[in-house]
Amino acid sequence: MKITVNGEAKTLEAATLAEALEALGYGGAKVATAVNEDFVPAALRAATPLSDGDRLEIVAPRQGG
Amino acid sequence: MVKFYGTEVSSRLMLGTAQYPSPAILADAFKQSGAGIATVSVRREAGGDKAGSAFWDLIKDLGVAVLPNTAGCHSVREAVTTAHMARELFDTNWIKLEVIGHMDTLQPDPFALVEAAKILCDDGFQVFPYTTEDLILGERLLHAGCEVLMPWGAPIGSGLGLSNIYGLRSIRAQFPDVPMVIDAGLGLPSQAAAAMELGFDAVLLNTAVAKAGDPAQMAQGFAQAVEAGRMAYEADPMEPRDMAAPSTPVIGKAFLE
């Protein structure tokens, strides 16, 4: 399956957002997620299916003004 | 004490967390400033990178309230999604809502700002909108559910100070009971003092401290200026006048001609 993760094209096998995060090395990380520009709460990641062409955004706390 | 959405904050100085030379200098600047609120953001993180956790640990140690922003967002949808991600990451309903409309001035897009503010307020967020000194925009934001306004002093990162004193005085007078923060554009403590003398409840700055040669000392300078300006406002300043008025009594002066 081809998806875009933080603007980069990736190929991975993951049925759900939770599986994708695990496969991409985010296990246990303090991150928040959006799929196709919509926020997906942490509690819904395991129940959020992914399909070819989906766009993931994975963000973490950062410095800001 | 100043209150935002029912939360009392000990300091009227709010500080950003970006652009410091090092995490240690950031922490020192916060300590010296006594700031009660830190602004933060959310940004992309690579798998296996733990930068977010490290930054979060640093912020938690500061012991201040956290105000996440939607910096860099240009559309309603982008700002709303970013706000949701920030709420989950930082576990707060507070959001500094930025919806940028112009690349060179980083001026807010007033129409998108009101629309995003309404969506977020309806969704339980406590919105701190980064706005201009425009009165109608302020009114619409309050109508959308905002209980705080954050008019700019000047464009973000410019250090120009209060570029429209008349406009800022007007918005202060128009909404006397609304907590208002001068957000952005301040470069020097004297400008922060001037904002406080106008009756604003707090100031929010980042670049002026982070980019100073000695951020901790500049933070302290701003803290003192904010306190001085607030004291002056509460002390009810004299009215300025165009002509001189002798302060030393005229009566009783020795006649020596």
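Just so it is clear, the values below take in all heavy atoms, side chains as well, and ignore hydrogens, waters and symmetry mates. We name chains A, B, ... by the order of the sequence lines, and we start the count at 1 in each one.
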Fill in: Top of B:Ala54, B:Ala86, B:Ala46 for chain A proximity - count of heavy-atom pairs under 4.5 angstrom
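Looking at each option in turn, the highest pair count goes to B:Ala46.
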Worksheet item: Among B:Leu58, B:Thr39, B:Asn206, which has the most heavy-atom pairs under 4.5 Å with chain A?
Response: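 With the most close heavy-atom pairs to chain A, the winner is B:Thr39.
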Discussion item. Tell me every residue that passes side-chain hydrogen bond (donor to acceptor under 3.5 Å, both in side chains) with B:Asp214, counting only those two or more places apart in sequence or in another chain.
Written reply: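 Scan of B:Asp214 (side-chain hydrogen bond (donor to acceptor under 3.5 Å, both in side chains), adjacent residues dropped) gives none.
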Discussion item. Just to be sure I understand the criterion: a residue of residues 16-37 of chain B counts if one of its heavy atoms is under 4.5 Å from a heavy atom of chain A. Which ones qualify?
Written reply: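 Only B:Gly16, B:Thr17, B:Ala18 of residues 16-37 of chain B have a heavy atom under 4.5 Å from chain A.
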Discussion item. For the interface with chain B, which of A:Asn6, A:Asp38, A:Thr33 has the highest count of heavy-atom pairs at distances below 4.5 Å?
Written reply: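 Result: the option with the highest number of such pairs is A:Asn6.
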Discussion item. Please give me the minimum heavy-atom distance between A:Lys30 and B:Ser53, naming the atom from each residue.
Written reply: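 For A:Lys30 versus B:Ser53, the nearest heavy atoms are CB-OG, 4.0 Å.
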Worksheet item: Are A:Phe39 and B:Glu88 close enough that some pair of their side-chain heavy atoms sits under 4.5 Å apart?
Response: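 They are in contact (side-chain heavy atoms under 4.5 Å apart), so the answer is yes.
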Worksheet entry | B:Tyr5 atom OH, neighbour heavy-atom count above 12 within 6.0 Å |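 Yes, the 6.0 Å shell around OH holds more than 12 heavy atoms from other groups.
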Fill in: Residues of residues 51-65 of chain A with any heavy atom under 4.5 Å of a heavy atom in chain B
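Within residues 51-65 of chain A, the residues under 4.5 Å from chain B are A:Glu57, A:Ile58, A:Val59, A:Ala60, A:Pro61, A:Arg62, A:Gln63, A:Gly64, A:Gly65.
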Worksheet item: Residues of residues 17-26 of chain A under 4.5 Å from chain B (heavy atom pairs)?
Response: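 Checking residues 17-26 of chain A against chain B gives A:Leu24, A:Gly25, A:Tyr26.
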Item to complete: Under 4.5 Å heavy-atom distance to chain A, tell me which part of B:Asp49 shows up: side chain, backbone, both or neither.
Response: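 The side chain, not the backbone.
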Worksheet item: With a 4.5 angstrom heavy-atom cut-off, which part of B:Ala51 approaches chain A: side chain, backbone, both or neither?
Response: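 When you check distances to chain A, atoms from both the backbone and side chain of B:Ala51 fall under 4.5 Å.
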Practice prompt. Measure from the side-chain N and O atoms of A:Glu37 to the backbone N and O of B:Thr81, and report whether any donor-acceptor pair falls under 3.5 Å.
Written response: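 No, A:Glu37 side chain to B:Thr81 backbone: no donor-acceptor pair under 3.5 Å.
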